[in-house]
2 protein chains.
Amino acid sequence: MPRSTAAADVFNAVAEPRRRDILVYLASQERAVGDIVAALELAQPSVSKHLKVLRDVGLVHVRRDGRQMFYRTNVEAIRPIQEWAGIFERFWGHQLSRVKERAERPSSGKGGNA
Amino acid sequence: MPRSTAAADVFNAVAEPRRRDILVYLASQERAVGDIVAALELAQPSVSKHLKVLRDVGLVHVRRDGRQMFYRTNVEAIRPIQEWAGIFERFWGHQLSRVKERAERPSSGKGGNA
DNA sequence: GGATCATATTCCAATAACGGAATATGTCAA
DNA sequence: TTGACATATTCCGTTATTGGAATATGATCC
């Protein structure tokens with residue numbers, strides 16, 4: 001029984017490197033499928049399939065214009081991932097007994113941790 | 001050819017719901033395998049297998065004490081996920097033409113976005 | 001050593017994800 | 001309508017992943 005009945009959730013969809021690439025590519029601007037194929041150097045059917053997965057999970061929006069389909073990343077849908085990873089943020093400093101990691105923290109914010 | 005040769009990377013390892021649960025459970029405190037089994041109500045072999053995946057990817061640390069193995073989440077290893085998701089943070093507000101999403105933002109922190 | 005506890009590994013069956021090739025669907029132009 | 005273009009879907013083979021049961025490994029205690 002592979003993964004939880006497959007890419008039914010965002011985490012699963014994002015487990016694929018190519019899909020992550022696509023999401024990044026589509027984040028700043030909407031693009032036609034052909035552009036994705038060209039930019040990421042993937043086979044067209046492959047891109048369509050990845051896009052379907054991303055669509056099913058709500059990670060991208062689509063718009064049709066003539067015979068082209070314009071995709072765009074739905075950045076809101078990525079929040080669950082951000083938030084999940086954020087759970088561990090408060091432990092950032094607790095673990096490395098070295099205090100030096102303090103320096104590499106960008107701006108942290110979020111207060112809280114001991 | 002499923003996923004990129006498997007849980008060779010963090011994103012893949014985290015695609016499994018149970019593994020995410022385990023990581024959260026082990027974030028604040030190290031725990032013996034038996035505790036994980038009891039707390040998450042999973043079969044022992046299953047837990048051992050998930051732990052192996054997490055170990056291989058560096059998402060957990062292990063320590064042996066007698067016949068028990070104490071696992072603990074390596075929170076540092078989760079940063080790549082945080083950072084990847086962070087790529088989209090700057091687009092947070094750009095997308096929803098409705099301004100109302102402004103209201104549902106909890107406290108965000110992390111400064112930055114427009 | 002032998003028994004027992006704690007965890008890891010192996011074997012198995014079921015499932016599905018992925019890539020590639022071929023083909024289908026849909027849209028526009030003439 | 002026919003033809004070309006853009007994208008989607010289907011089919012196929014390969015490979016992993018997962019859970020479950022059984023078993024193996026390692027450590028402690030007697």
Side-chain angles (χ1 to χ4, degrees), chain A residues 1-23 25-26 29-73, chain B residues 1-23 25-26 29-73:
Chain A
M1 199 187 286
R3 224 68 78 170
S4 58
T5 308
D9 70 294
V10 180
F11 283 91
N12 243 300
V14 160
E16 253 289 328
R18 271 68 179 279
R19 285 199 285 260
R20 287 200 296 281
D21 293 343
I22 291 176
L23 287 173
Y25 183 60
L26 298 176
Q29 201 188 325
E30 71 173 8
R31 310 275 195 171
V33 177
D35 292 338
I36 305 175
V37 169
L40 306 189
E41 299 187 277
L42 298 172
Q44 178 267 310
S46 193
V47 170
S48 274
K49 277 182 267 187
H50 283 313
L51 287 172
K52 176 175 172 48
V53 173
L54 295 174
R55 229 188 304 131
D56 290 350
V57 177
L59 275 167
V60 293
H61 288 145
V62 210
R63 179 177 71 84
R64 156 162 258 146
D65 181 30
R67 38 190 161 180
Q68 292 183 298
M69 298 291 265
F70 285 89
Y71 284 84
R72 182 182 43 133
T73 299
Chain B
M1 199 187 285
R3 223 71 76 170
S4 57
T5 308
D9 70 296
V10 180
F11 284 91
N12 242 300
V14 159
E16 253 290 328
R18 271 67 179 280
R19 286 199 283 262
R20 286 202 295 279
D21 293 344
I22 292 175
L23 287 173
Y25 183 60
L26 298 176
Q29 201 187 325
E30 69 172 10
R31 311 275 195 171
V33 177
D35 293 337
I36 304 174
V37 170
L40 305 189
E41 298 187 278
L42 299 172
Q44 178 266 310
S46 193
V47 170
S48 273
K49 278 181 268 188
H50 283 313
L51 288 171
K52 176 176 173 46
V53 173
L54 295 173
R55 229 188 305 129
D56 289 350
V57 177
L59 275 167
V60 293
H61 286 146
V62 210
R63 179 176 69 86
R64 158 161 256 147
D65 181 28
R67 38 190 161 181
Q68 292 183 300
M69 298 290 265
F70 286 90
Y71 284 85
R72 183 183 42 132
T73 299

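Worth saying up front: this structure is predicted, and the values here are computed from it rather than measured. In what follows, every chain begins at residue 1, and chains take the letters A, B, ... in the order their sequences are listed.
Here Q44(A) lies in heavy-atom contact (under 4.0 Å) with a base. Note on S48(A): a base of the nucleic acid sits closer than 4.0 angstrom, heavy atoms only. Backbone-only contact: Y71(B) has heavy atoms under 4.0 Å from sugar-phosphate atoms and none from a base.
For R55(B), the listed nucleotide lying nearest its side chain is dT9(C); candidates were dT28(D), dT9(C), dT7(C). Of the listed nucleotides (dT7(C), dC5(D), dT7(D)), dT7(C) has the atom at the smallest distance from the side chain of V33(B). Set against dA6(C), dC18(C), dA6(D), the side chain of R67(B) has dA6(C) as its closest nucleotide.
Between R19(A) and dC18(C) there is a side-chain polar atom (N or O) within less than 4.0 angstrom of OP1 or OP2. Taking 4.0 angstrom as the limit, H50(A) places none of its side-chain polar atoms (N or O) nearer than this to OP1 or OP2 of dC18(C).
Remark: side-chain polar atoms of R19(B) are paired, donor with acceptor, to backbone N or O of A13(B) under 3.5 angstrom. Counting only distance, with no hydrogens or angles, the side chain of R20(A) and the backbone of I22(A) share no donor-acceptor pair below 3.5 Å.
With rounding to whole Å, K49(B) atom NZ is found 20 Å from dA6(C) atom P. The interatomic distance linking L40(B) (CG) with dT18(D) (P) rounds to 16 Å, in whole Å. Rounded to whole angstrom, the span from the CD atom of Q68(A) across to the C1' atom of dT27(C) amounts to 11 Å. Across the protein-nucleic acid pair, D35(B) atom CG and dA6(C) atom C1' stand 11 Å apart, rounded to whole Å. Distance CD1 (I36(B)) to P (dT7(C)): 9 Å, rounded to an integer number of Å. Remark: C1' of dA6(D) and NZ of K52(A) are 18 Å apart, rounded to the nearest angstrom. In this structure, CG of L54(B) is placed 12 Å from P of dA8(C), rounded to the nearest angstrom. Spacing between atom CG of L51(A) and atom P of dA8(D) amounts to 6 Å, rounded to whole angstrom units.
Using a 4.5 Å heavy-atom cutoff, the side chains of V47(B) and L40(B) are not in contact. Looking at heavy atoms from C-beta onward, V14(A) lies out of side-chain contact with V57(A) at the 4.5 angstrom threshold.
The neighbour count for R18(A) CZ, taken as heavy atoms of other residues, nucleotides or ligands under 6.0 Å away, does not exceed 12.
Mapping A43(A) and P45(B) onto DNA chain C by nearest heavy atom places P45(B) closer to the 5' end of the strand. Taking for each of R18(A) and G66(A) the nucleotide of DNA chain C with the nearest heavy atom, the 5'-most of the two is the partner of R18(A).
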